[in-house]
Asks: 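Please see the structure below; I have some questions.
Naming: A, B, ... by sequence-line order, numbering from 1 per chain.
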Amino acid sequence: MSLLENVLDVLKERGYLEQATHEDEIRELLGKESVTFYIGFDPTADSLHVGHFLQVMVMMHMQRAGHRPIAIIGGGTAMVGDPSGRSDMRQMLTMEQIDHNAASFKKQLSRFIDFGEGKALMVNNADWLLNLNYIEFLRNVGRHFSVNRMLSAECFKSRMAAESGLSFLEFNYMLMQSYDFLELYRRYNCKLQFGGNDQWSNIINGVDLIRRADGGSAYGMTFKLLVTSEGKKMGKTQSGAVWLDPAKTSPYDFYQYWRNIDDPDVENCLALLTFLPMDEVRRLGALKDQAINEAKEVLAFEVTKLVHGEAEALKAREAAQAVFAGAGISDNMPTTLIEAGQLDAGIDAATLLVETGLCASKGEARRLIQQNGVTLWDAPIQSFDQVISSKDLKDGSMILKKGKKTYHKVQAK
RNA sequence: GGAGGGAUUCCCGAGUUGGCCAAAGGGGGCAGACUGUAAAUCUGCUGGCACUGCCUUCGAAGGUUCGAAUCCUUCUCCCUCCA
């Protein structure tokens with residue numbers, strides 16, 4: 001545990017903090033003992049995404065400061081579905097999906113958090129939620145909740161106003177999550193719950209429940225959601241979320257996502273998503289105009305390194321630099337292998353673009369070519385039926401470029 | 001359970017006196033110009049294909065018609081009011 005600095009102040013300085021139930025008490029607590037805290041992850045997809053990663057960063061900071069994280073996989077709560085921050089009801093997941101997703105989460109979290117002897121815990125709230133007895137639960141937990149108060153919570157208010165309404169199922173989510181906190185408090189002396197700011201009402205209700213049911217002291221804090229300077233949710237691309245699973249978002253694409261971040265967001269991302277010292281973060285964030293590209297490269301490299309490891313980060317950086325700096329060929333850039341025979345015979349450009357995944361359809365390829373959006377070795381492809389063959393290979397590869405930023409290598413197989 | 005209203009292309013949302021509807025407009029996305037692998041701005045594109053044509057799409061299935069997103073029937077789901 002750092003004697004010089006309280007983790008709370010570290011988290012605050014780096015810009016994670018949004019709200020806290022009792023800031024001073026939490027600081028005191030974190031300063032004097034190793035505190036068990038928890039963050040929940042609802043397994044609604046089969047991979048964590050960068051939004052989750054922000055939470056994971058907090059856990060890592062905490063663990064480094066000597067505290068004990070509990071990662072809750074919301075196998076039970078996912079059965080209900082969190083209405084917070086949602087304009088409509090979540091799609092219901094089957095048990096099998098949830099189990100599958102929970103297993104993936106577990107694997108990914110283990111990369112970031114040390115779950116070795118007593119250093120951290122991972123539990124699935126399905127373990128206690130699924131076996132609850134309805135009447136018993138209502139009598140023990142339900143009686144501590146005032147519907148009047150619940151309805152005034154922001155997360156319900158918006159849904160009450162929306163025409164899609166709020167189902168009774170979702171209305172219970174808050175009780176489930178509050179009960180989780182109580183359960184962890186009892187089992188592991190967990191006194192602190194963290195979450196994204198959209199979790200605020202769920203968290204304070206858990207804190208209240210512990211006080212009412214057991215007379216215990218527990219606290220909660222929420223962290224900023226990853227948003228751009230314009231307030232849009234970050235980590236979303238046209239093709240969906242930016243995933244931590246390399247099979248869903250390749251390390252190269254992951255690197256490029258951060259490399260292309262908006263100028264005003266660079267400093268914030270460096271502080272939140274890397275462990276670089278704040279002096280360095282501020283120096284990089286202060287860079288102007290072209291110079292800020294240096295900061296973006298550092299950001300992309302550091303985040304990729306944390307998520308995919310140094311080897312993958314080096315590869316991604318090498319590929320990006322080769323491609324953007326000198327239009328060179330890199331072993332690590334996105335590549336498609338085409339049958340040698342097919343290449344020898346020649347393929348029309350539109351088909352090749354579809355084969356490489358650069359375009360979703362031939363129509364799209366056709367339009368793109370008409371708009372001068374595709375180049376082969378930096379020469380615009382003239383027409384969609386231009387034949388591309390092994391004659392265009394140089395040293396066994398050719399470089400296609402879609403737009404200004406998407407490079408793709410084609411090789412014969 | 002009763003009475004009304006609705007379901008449109010990635011999203012929002014026009015269109016419902018039947019043809020001029022692959023379907024307005026906006027958002028998003030992609031591309032071009034300008035740049036710094038940034039933002040902003042301007043321009044073009046934005047269902048598929050064998051692309052001056054054909055095919056599949058307007059909740060689902062049938063029907064009327066030369067012709068239906070538009071009319072009729074049944075079904076599914078959603079919303080509002082009443083209980």
Side-chain angles (χ1 to χ4, degrees), chain A residues 86-92 158-170 227-242 250 252-270 284-301 303-304 316-328 330 332-334 347-351 353-376 378-385 399-408:
Chain A
R86 282 244 146 193
S87 52
D88 52 10
M89 190 163 144
R90 281 170 196 274
Q91 223 197 328
M92 291 268 257
S158 52
R159 288 289 293 278
M160 296 292 288
E163 66 169 16
S164 57
L166 178 74
S167 70
F168 182 68
L169 175 81
E170 294 170 283
V227 292
T228 67
S229 54
E230 287 164 354
K232 283 191 226 145
K233 249 193 192 171
M234 231 157 90
K236 293 277 179 197
T237 66
Q238 71 287 353
S239 42
V242 177
S250 74
Y252 177 81
D253 289 337
F254 188 85
Y255 179 94
Q256 283 301 41
Y257 180 82
W258 302 109
R259 179 62 185 80
N260 283 311
I261 216 82
D262 295 355
D263 290 4
D265 299 323
V266 172
E267 183 167 335
N268 194 232
C269 287
L270 281 166
L284 290 167
L287 294 173
K288 290 276 177 279
D289 302 321
Q290 284 199 42
I292 200 165
N293 281 319
E294 181 199 337
K296 294 186 185 183
E297 277 182 22
V298 172
L299 171 69
F301 180 74
V303 183
T304 309
R317 183 170 68 182
E318 190 273 321
Q321 284 173 348
V323 133
F324 284 98
S330 159
N332 299 315
M333 60 194 289
I347 310 178
D348 65 279
T351 306
L353 284 168
V354 174
E355 292 274 327
T356 55
L358 253 25
C359 292
S361 70
K362 288 190 184 175
E364 188 184 321
R366 180 188 304 257
R367 275 179 241 119
L368 209 60
I369 290 167
Q370 273 162 3
Q371 295 180 120
N372 274 324
V374 188
T375 60
L376 172 64
D378 281 325
I381 288 181
Q382 301 298 328
S383 73
F384 62 88
D385 53 5
I399 302 294
L400 281 170
K401 185 164 74 149
K402 175 195 164 201
K404 279 173 292 230
K405 292 193 251 182
T406 313
Y407 290 82
H408 202 94

Asks: Rounded to the nearest Å, what distance is computed from the CD atom of residue Q290(A) to the C1' atom of nucleotide A39(B)?
Replies: 14 Å

Asks: OH/Y252(A) to CD/E318(A) distance, rounded to the nearest 0.5 angstrom?
Replies: 10.5 Å

Asks: Please report the distance, rounded to the nearest Å, between CD in Q321(A) and P in U37(B).
Replies: 13 Å

Asks: Go through G36(B), G32(B), U37(B) for me and flag the one nearest to the Q256(A) side chain.
Replies: U37(B)

Asks: Expressed in angstrom and rounded to an integer, what is the separation of E294(A) atom CD from U37(B) atom C1'?
Replies: 16 Å

Asks: For N293(A) and for L368(A), find the nucleotide of RNA chain B with the closest heavy atom, then tell me which residue's nucleotide is more 5'.
Replies: L368(A)

Asks: Figure out the CD1/P separation between I381(A) and G32(B), and round it to whole Å.
Replies: 13 Å

Asks: Applying the side chain to side chain contact (heavy atoms under 4.5 Å, CB included) test to L299(A), which of L284(A), D265(A), T304(A), L270(A) qualifies?
Replies: L270(A)

Asks: Among L353(A), T406(A), L358(A), whose side chain to side chain contact (heavy atoms under 4.5 Å, CB included) with V374(A) holds?
Replies: L353(A)

Asks: Take atom NZ of K402(A) and atom P of C30(B), then tell me their distance rounded to the nearest Å.
Replies: 7 Å

Asks: To the nearest Å, give me how far apart CZ (F324(A)) and C1' (U37(B)) are.
Replies: 4 Å

Asks: Strictly below 4.0 Å, heavy-atom distances to any atom of RNA chain B: list the hits from residues 357-364 of chain A, or just say none.
Replies: S361(A), K362(A), G363(A)

Asks: Nearest-Å distance, CE (M333(A)) to C1' (U37(B))?
Replies: 13 Å

Asks: Check nucleotides 41-44 of chain B against the protein and report each pair of N or O atoms closer than 3.5 Å, with its distance, or say if there are none.
Replies:
| from | atom 1 | to | atom 2 | distance (Å) |
| --- | --- | --- | --- | --- |
| G44(B) | N2 | Q371(A) | OE1 | 3.0 |
| G44(B) | N2 | Q371(A) | NE2 | 3.4 |
| G44(B) | N3 | Q371(A) | OE1 | 2.9 |

Asks: Look at the side chain of R366(A) against the base of C51(B) and say whether a donor-acceptor pair falls under 3.5 Å; ignore hydrogens and angles.
Replies: yes

Asks: How far, in whole Å, is C11(B) from G4(B) if one measures between their C1' atoms?
Replies: 28 Å

Asks: Tabulate below the donor-acceptor pairs under 3.5 Å that side-chain atoms of residues 286-293 of chain A make, not counting sequence neighbours, or state none.
Replies:
| from | atom 1 | to | atom 2 | distance (Å) |
| --- | --- | --- | --- | --- |
| N293(A) | OD1 | R259(A) | NH1 | 3.4 |
| N293(A) | OD1 | R259(A) | NH2 | 3.4 |
| N293(A) | ND2 | Q290(A) | O | 3.3 |

Asks: Could you state the atom-to-atom distance from CZ of F384(A) to P of C45(B) in whole Å?
Replies: 18 Å

Asks: Hey, which of these two, K288(A) or V354(A), hits RNA chain B nearer its 5' end, going by closest nucleotide?
Replies: K288(A)

Asks: What nucleotide among G36(B), U35(B), G48(B) has an atom nearest to a side-chain atom of K404(A)?
Replies: U35(B)

Asks: Among A38(B), U37(B), A31(B), which is the nearest nucleotide to the side chain of N260(A)?
Replies: U37(B)

